[in-house]
Enquirer: 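Okay, here's the structure, questions in a sec.
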Amino acid sequence: MQKISSSLLALTLSLISSMAFGYNSIINTGNMTDPGTYKLGSELQFLTDDSSGANILLYLDLPTKSQSMDYRIKFGTGATDVNVNVAAKWIPVPDIQNQPALGLILDADWINEDDYNF
């Protein structure tokens, strides 16, 4: 009976809670940029809300003196007027043999769409 009550409560809360808006997803690996090098790349971002469309983003990965930390600077435009991003990736447990890497990405974004900043 308690399991049914908990499930009913969770379902009710999910239906009456306010809508959440997600903007950014990060898919990355535990691979680090080698010292003295950098990675330059691009990615495509699809928007699926009211302002649907796509953005093209360019990024630059920079190494640090630490073997377990990288920085990423990203700039993009498209359906969103401006998208600027700075991120730090810290991987204290590297990818060794069959064990996946374990880490943390800290990310700060500034996005401007029309006159709306977030």
Side-chain angles (χ1 to χ4, degrees):
M1 180 68 178
Q2 184 179 7
K3 188 174 183 177
I4 294 172
S5 298
S6 297
S7 299
L8 187 58
L9 176 63
L11 179 63
T12 303
L13 289 175
S14 68
L15 293 174
I16 64 171
S17 63
S18 63
M19 183 184 288
F21 298 96
Y23 185 77
N24 198 6
S25 65
I26 299 173
I27 299 174
N28 212 321
T29 67
N31 298 337
M32 305 306 286
T33 307
D34 295 327
T37 65
Y38 62 90
K39 294 177 190 171
L40 185 62
S42 65
E43 57 190 47
L44 190 59
Q45 179 184 54
F46 292 102
L47 307 175
T48 58
D49 63 353
D50 294 336
S51 60
S52 62
N55 293 328
I56 184 78
L57 297 119
L58 303 174
Y59 65 84
L60 176 66
D61 286 347
L62 301 168
T64 63
K65 291 182 181 179
S66 168
Q67 291 292 320
S68 63
M69 191 165 198
D70 268 0
Y71 294 117
R72 175 173 279 190
I73 301 167
K74 195 181 325 184
F75 175 80
T77 189
T80 303
D81 296 334
V82 177
N83 183 339
V84 179
N85 169 285
V86 177
K89 177 171 73 170
W90 176 56
I91 308 292
V93 180
D95 183 5
I96 299 173
Q97 296 172 357
N98 291 330
Q99 170 207 323
L102 180 64
L104 179 71
I105 296 176
L106 299 173
D107 182 71
D109 294 82
W110 177 70
I111 296 117
N112 177 278
E113 185 172 349
D114 299 324
D115 289 330
Y116 184 66
N117 293 308
F118 56 101

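Computed from a predicted model, the values in this text were never measured in an experiment. Position 1 is the first residue of the sequence, and the numbers go up from there. As a basis for the values below, the full set of heavy atoms in this structure was taken, side chains included, without hydrogen atoms, waters or symmetry mates.
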Enquirer: Identify the residue among V82, N83, D81 that makes a side-chain contact (heavy atoms from CB on, under 4.5 Å) with I111.
Expert: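 Going through the options one by one, the only one that passes is N83.
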
Enquirer: Of the non-hydrogen atoms in N31 and K39, which two are nearest, and what is the gap between them?
Expert: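 Minimum heavy-atom contact is O-NZ, 4.2 Å.
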
Enquirer: Quick one about S68 and S66 (side-chain donor to acceptor, distance below 3.5 Å, no hydrogens or angles considered), yes or no?
Expert: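 Looking only at side-chain atoms, S68 and S66 do form a donor-acceptor pair, the distance falling under 3.5 Å.
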
Enquirer: Is there a path of hydrophobic side-chain contacts, each under 4.5 Å between heavy atoms of I, L, V, M, F, W or Y residues, that connects Y38 with I73?
Expert: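 Yes: a chain of side-chain contacts under 4.5 Å links Y38 to I73.
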
Enquirer: I'd like to know whether OH of Y59 has more than 12 heavy-atom contacts from other residues, nucleotides or ligands below 6.0 angstrom.
Expert: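 Above 12, so yes.
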
Enquirer: Using a 3.5 Å distance criterion without hydrogens, assess whether the side chain of N85 forms a donor-acceptor pair with backbone atoms of D109.
Expert: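 Checking the backbone N and O of D109 against the side chain of N85, no donor-acceptor pair under 3.5 Å is found.
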
Enquirer: What is the minimum heavy-atom distance between A101 and D95, and which atoms define it?
Expert: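 Distance-wise, the nearest heavy atoms are CB-N, 3.6 Å.
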
Enquirer: Taking the side chain as every heavy atom from C-beta outward, state whether R72 and I105 have any atom pair closer than 4.5 Å.
Expert: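 Result no, sub-4.5 Å side-chain heavy-atom pair not found.
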
Enquirer: Closest heavy-atom contact between I56 and S42?
Expert: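 That would be CD1-CB, 4.4 Å.
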
Enquirer: Output yes when a side-chain donor or acceptor of N55 lies under 3.5 Å from a complementary backbone atom of Q45, and no otherwise.
Expert: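 No; zero donor-acceptor contacts below 3.5 Å.
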
Enquirer: For the backbone of M32 and the side chain of K89, can you confirm whether one donor and one acceptor N or O come within less than 3.5 Å of each other?
Expert: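 Judged by distance alone, no pair lies under 3.5 Å.
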
Enquirer: Heavy-atom count around F75 CZ within 6.0 Å, excluding the residue itself: above 12?
Expert: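 Enclosed: over 12 neighbouring heavy atoms sit under 6.0 Å from CZ of F75.
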
Enquirer: Supply the atom-to-atom distance L58 CG to L40 CG, rounded to the nearest 0.5 angstrom.
Expert: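 Rounded to the nearest 0.5 Å, the CG-CG separation comes out at 7.0 Å.
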
Enquirer: How close do M69 and A88 get, counting heavy atoms only, and between which atoms?
Expert: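 Heavy atoms of M69 and A88 come nearest at CE-CB, 3.8 Å.
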
Enquirer: Minimum heavy-atom separation for P92 and L102, please, with both atom names.
Expert: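 Closest pair (atom of P92, atom of L102, distance): CD-O, 3.3 Å.
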
Enquirer: Are V86 and L106 linked, directly or through other ILVMFWY residues, by side chains that come within less than 4.5 angstrom of each other?
Expert: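 In one cluster with V86: L106, no.
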
Enquirer: Between atom CG of N112 and atom OG1 of T80, what is the distance when rounded to the nearest 0.5 Å?
Expert: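 OG1 of T80 is found 9.0 Å from CG of N112.
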
Enquirer: Nearest 0.5 Å please: distance from the CG atom of D61 over to the CG atom of D70.
Expert: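 It is 6.0 Å, given to the nearest 0.5 Å.
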
